Amino acid sequence: MQSYPAYVINRILTAVLSVFGAMLVIVILISLVPGDPATVLLGPLATPEYAQHFIAEMGLDQPVHVRLWRLAAGFAQGRLGTDVISGQSVNTIVAAALPHTFALAFAAMALACLVGIPAGVWSAVRKGSAGDTAIAMVSVVFVSVPSFILGIVLLVVFSIWLDWLPVLGLSPSASLRDAAIRMILPTVALALGWIGLIARLVRTSMLETLGQNYIRTARAYGLREGLVHYRYALKNAVIPTLAIIGMGFGRLLGGAVLIEIIFARQGLGSILYDALQARNFSVLQGTVFVVVVIFIAVNLLTELSYALFDPRIKFSRR
Amino acid sequence: MAGPLLEISDLRLSAGSGKGAAAILRGIDLALARGRILGIVGESGSGKSSLVNTIMGLTPPGLRAEGRIVLAGEDLLGLSPVRMRALRGHRLAMIFQDPMTALNPVFRIGTQLVDVIRNRHPGTVPAAVEAMAVEALGRVGLPDPGRRMRDYPGQLSGGMRQRVMIAMALVCRPELLIADEPTTALDATIEAQIIDLLRRLRHDFQGSIIFISHNLGTVMQLCDEVAVLYGGHLVESGPVRAVLRRPLHPYTRALVGCEIDDRPVDAPLAFIPGKVPETTERPGGCIFADRCAYAAAPCRTTAPRLAAQGDDRRAACLRLGELP
Amino acid sequence: MHAAAALAATLGRVVRHPGGAFGAGLVLLILLTAILAPGIAPHDPNRLDVVSAFAPPSGGHWLGTDQLGRDLLSRHIFGTRIAMAVALSVIAIALAAGMLLGVLSAYTSGPVERAILVAFDSISSFPSVILAMAAVAVLGSSMPMLIVVIATSLIPHYGRVARAQVLSARNEPYVEAEQVLGASGVRILLAHIVPNIIAPLIVIASLDIPVVIAIEASLSFLGLGLRPPLTSWGGLLQDGYQNLARSALPVMVSSGVLAVATLAFTMFGEALRHAIDPRSGRRA
C-alpha cells in the first residue's frame with residue numbers, strides 16, 4: 001500500500017486532470033453549436049456590435065485548442081471572464097453569490113447529519129420495531145422524491161396554506177433573524193433527501209458494526225449502552241457513510257440550484273438561472289466552472305479525509 | 001466469606017422451541033471457590049463459550065437461559081439488564097479469543113482503556129485514570145506504555161493486543177475473570193509468553209479465574225481445577241492434576257489420550273472418532289454413548305447423573321465402576 | 001425456457017421484497033397509463049375552457065383544471081407518455097453506450113483506454129443537472145437533444161461498472177481456463193463477460209429511471225426542457241408554479257404525480273437490486 005502523502009499527491013493530480021476535462025467539456029459544448037455560434041447562442045439579442053463583442057470575449061473566432069488554452073490560462077489565474085452584458089467581472093458576481101449557496105448547503109448538511117445520524121442509530125438499535133419501519137418508510141420517500149419537488153410542497157403547505165413562514169427569499173435589507181427564518185424552508189427542503197439517505201446508510205452500517213467483537217468487548221466491560229452505540233459503534237459506522245455523503249454532494253449542489261430558484265434566493269443557482277434566461281454565456285461559462293471546481297474539490301476532500309479518518313486505512317499493514 | 005464465589009446449578013441454554021429447538025447447555029452444575037482457577041476443556045461445540053457468555057450475560061438475543069448462576073449470593077439470571085451491566089467491568093471481566101477483533105479499530109487503545117477505568121472507578125481525576133492505564137499496560141509487559149496509549153489497535157501485533165486486553169481486565173479488579181481461549185489465535189511462542197504473563201499475574205490477582213482452553217498442557221500449568229464439557233453436559237470435574245492424570249470419564253480419557261500419543265501438546269482435540277452431537281439431538285441416554293468405546297446397553301437408555309467420586313471429584317458415567 | 005424461468009423467479013423475489021409489490025404495481029400502472037393515454041384520458045389535454053379555470057376537483061375534472069381550464073388529470077396522463085419516452089430512451093442510450101465504452105476501455109490499452117477514462121472523469125465532474133442545464137441551454141431542447149444530453153451525463157455511471165465487471169471477470173479461473181483452451185475473445189465476451197455485466201447494469205438502470213424523471217422535470221421546470229405542445233410533468237409543474245398565487249392545486253397535483261412516480265420506480269429498483277443480488281444489502 002502506498003504512503004499517505006503519495007496517495008494525496010496522486011488524488012490531487014487526478015482532480016486537476018478532472019478540472020481540465022471539465023473545461024474541455026465546456027469548450028466542446030460551445031463548439032458543438034451548429035452554424036454561427038454568436039447568432040445561435042445570442043438569438044434575438046445578437047446586434048452586430050454585441051455579437052462582435054461576444055465573439056471576442058468568448059474567443060469564438062479561435063480554434064478549439066486555442067480557446068481551451070485561453071480558458072485554462074484565465075481560470076488558472078483566477079479570472080472567470082467578463083459579463084458581456086453588464087461589463088462586470090464574473091468573479092465579482094460569483095463571489096457575491098457563493099456565501100449564500102454555501103450557507104444553504106452547509107445548513108442543509110448539518111441538519112441532515114443532526115437528524116439522520118441519530119435516526120439511523122435509533123433504527124439499528126431497535127431493528128424490526130414499529131419505529132424502525134416508520135423511519136424506513138419515511139426515508140425511502142425522502143430519498144426518492146427530488147428535493148425541488150419537496151421544496152415546492154413545503155412552500156405550498158407552510159407558506160401558502162398554513163401561512164407560517166414567508167414565501168420568498170432574502171431581501172437585501174433583511175435582518176439576521178429575518179434571514180434565518182427565510183432559510184428554514186429551503187434548508188429543510190434540501191436536507192430531507194439527505195436525512196433519508198444518511199439514516200439508511202447509518203442504520204445498515206450500525207447493524208453491521210453492532211455485531212462486531214469489539215462491541216461485545218465494550219459490553220463485557222459494562223460500558224453504558226449509550227456510550228457503546230453513540231461512541232464505540234457510531235464512529236465505525238459513520239466512516240463508510242462519509243464517502244457516500246461526500247460523493248453525493250453533487251446531488252446537493254444540483255438540488256441547491258433548483259431550491260434557490262424556487263425560493264427566489266440569491267446564490268449560484270439564481271445566477272445560473274438568470275444567465276440561462278438572458279442567454280448570457282459569458283456568465284454561464286464561469287459559473288458552471290466554479291460549480292464544477294467546488295464539486296471536484298469536495299470529492300477530493302471527502303476521499304482524503306476518509307483516509308485520514310479511518311486508522312484502518314492509514315495503518316493497514318497489507 | 002463462606003461458600004463458593006460462583007455456583008451454577010442446572011443451567012440450561014436453549015434456542016427456539018418445538019421440534020427445531022436447540023439445546024446448547026443441558027443442565028450444568030458447577031462451583032468455583034474464591035481465588036481459584038478453573039479450567040474448562042472440551043471440543044469445539046461442547047458449549048464452553050456459551051457457558052461463559054451466559055455467565056457474562058452476553059448471550060445473543062433469542063437464546064433462553066434457565067437455572068441459577070449465583071455470584072457471591074446474587075442470581076445473575078434474575079438480574080435486570082442495568083444491574084447486570086453494572087456487574088460487568090466491576091465484578092466480572094472477560095478476555096476474548098481473538099485479540100485482532102476484540103479492540104475497537106478506530107479508537108486509540110489508551111482511550112479504550114481510559115473508558116473502562118472511568119466506568120470502573122467513577123469520579124477518579126483524569127490524571128489518575130491516565131496513570132492507572134499506563135501502569136496497567138506496563139504490568140502486562142507492553143514496552144513504553146506511555147507512548148503505546150496513543151496507538152491504534154492496528155499498530156500492535158496480536159500478542160500486544162492480547163496484553164492490552166489483559167490490562168483492561170486487570171484495571172477492573174474483578175472477582176471473576178473469564179478468559180475464553182485467550183491464546184488460540186496466537187503463535188506458539190506468543191502463546192507461551194501470554195501464559196507466562198497470566199501465571200505471573202496470578203500472584204497479584206485476588207479473584208477467581210475461569211480459563212477456557214483447547215490445550216490440556218496449558219490448563220495443567222495454570223489451573224487448580226478442571227471441568228470437562230461435552231455436548232452441553234458437564235461430564236467430569238475435579239482437581240486439575242487428578243483429573244488429567246487419572247481421568248475417570250471415558251470422554252476425558254479419550255481427550256487425554258489424544259494428547260499423550262506423542263502429539264504436540266497444543267494440537268487441537270479432534271482425534272476422537274465420531275463428532276460432537278448436534279444441539280438439536282436429544283438422545284435418551286448418555287450423550288457420549290455414540291462415540292464411547294465402553295458404551296453398553298443401559299448407556300443408550302439411561303442418562304447418567306454427575307456423581308461424586310471420592311472427596312473432590314465428580315463424573316457422569318453409568319459404568320465408572322466397571323471400566324478398566 | 002430457462003431464461004423465462006429465471007425472469008419469473010426474479011420477479012417473484014421483487015414482489016416479495018418489502019415495498020417491491022407496491023413499487024412494481026405502480027410501475028406497471030404508470031407504464032399502462034403511458035401506453036393507453038388516449039384511451040383513458042377523460043378529456044382532450046389541450047382543450048381550453050377559460051370559464052372553468054382553476055376549477056377544484058369535481059366529477060367532471062377529477063383533479064381540477066389549470067389556468068386555462070384544461071383538465072389536469074388528462075394533462076398528467078399524457079405527461080406520463082413523455083416522461084416514460086424520455087426516461088426509457090435515456091436509459092437505453094446510456095446503458096448501450098456505457099457498456100460499449102466500458103468494455104472497450106477494459107479491452108484496449110494506451111490512448112484509447114485513457115481517452116475513454118478521461119471522458120468519463122470529465123463528464124462526471126459535473127453534477128448531472130448542471131451539465132444537462134448547460135448543454136440544453138447551448139444546444140437547444142428538442143426531445144432527441146434532451147435525451148442525448150441526459151444520457152451523456154449518465155454514461156460514465158454505466159461505463160465504469162461495465163469496465164470493472166469486465167476486469168474482474170477476466171481474472172476468474174473459468175475465463176482464464178477458456179483462454180488457455182483457445183476460445184476466441186468474442187466467444188468469451190459473449191458467453192461469460194456480458195452476462196456478468198448485464199445484471200448490475202440493469203439494477204443501475206432501474207434505479208436511474210427516477211433520476212432521469214427528476215432531471216427532465218427540473219429542466220422543464222426551469223423552462224429549459226421540452227416546449228409545448230409536448231407538455232411533460234416538469235412543464236406542468238412550471239405552469240402551476242407560475243400561477244401559484246392564484247391556485248396551489250395544479251402545483252400540488254404535478255408535485256404529487258412526480259413524487260409518486262419517482263417513489264414507485266425507486267422502490268421497484270431497490271427490490272430488483274435485492275432480487276438480482278441479495279448480497280448487495282449495502283449501498284444507498
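What you see is a predicted model, and the numbers here were worked out from it, not measured in a lab. Numbers restart at 1 for each chain; the letters A, B, ... are given by sequence-line order, proteins then strands. These values consider heavy atoms only, across backbone and side chains, with no hydrogens, waters or symmetry-generated copies.
Contact check on C/R160 versus C/D121 returns a salt bridge, with a Lys/Arg side-chain nitrogen under 4.0 Å from an Asp/Glu carboxylate oxygen. At a threshold of 4.0 Å, the pair C/E270-A/R200 counts as salt-bridged, since one of the basic side-chain nitrogens sits closer than that to a carboxylate oxygen.
Chain C forms more heavy-atom pairs under 4.5 Å with one residue of A/A15, A/G21, A/S144 than with any other, namely A/S144. Looking only at heavy-atom pairs under 4.5 Å with chain A, the residue among C/L224, C/V129, C/V118, C/L222 that has the most is C/L222. Interface check for chain A: of the options C/S254, C/S122, C/A259, C/S125, the most heavy-atom pairs under 4.5 Å are formed by C/S125. Between chain A and the options C/S218, C/G19, C/P210, the largest number of non-hydrogen pairs under 4.5 Å is found for C/S218.
Contacts of C/I215 with chain A are absent, with no heavy-atom separation under 4.5 Å from either backbone or side chain. Both the backbone and the side chain of C/A217 come within contact range of chain A, with heavy atoms under 4.5 Å apart. With a 4.5 Å cut-off on non-hydrogen atoms, C/M267 touches chain A through its side chain but not through its backbone. Neither the backbone nor the side chain of C/F265 comes within less than 4.5 Å of any heavy atom of chain A. Only the backbone of C/S124 comes within contact range of chain A, with at least one heavy atom under 4.5 Å from a heavy atom of that chain. In this structure, chain A has a heavy atom under 4.5 Å from the side chain of C/I130, while its backbone stays farther away.
Using the six-membered ring where Trp is involved, A/F75 and A/F289 have ring planes that are parallel, under 30° apart on the 30 and 60° scheme.
Judged by distance alone, the side chains of C/Q238 and C/S220 never bring a donor and an acceptor atom under 3.5 Å apart.
For C/Y241 and C/F221, the gap between ring centers is short of 6.0 Å.
Judged by distance alone, with hydrogens and angles left aside, the side-chain atoms of A/S205 form no donor-acceptor pair with the main-chain N or O of A/V202 at under 3.5 Å.
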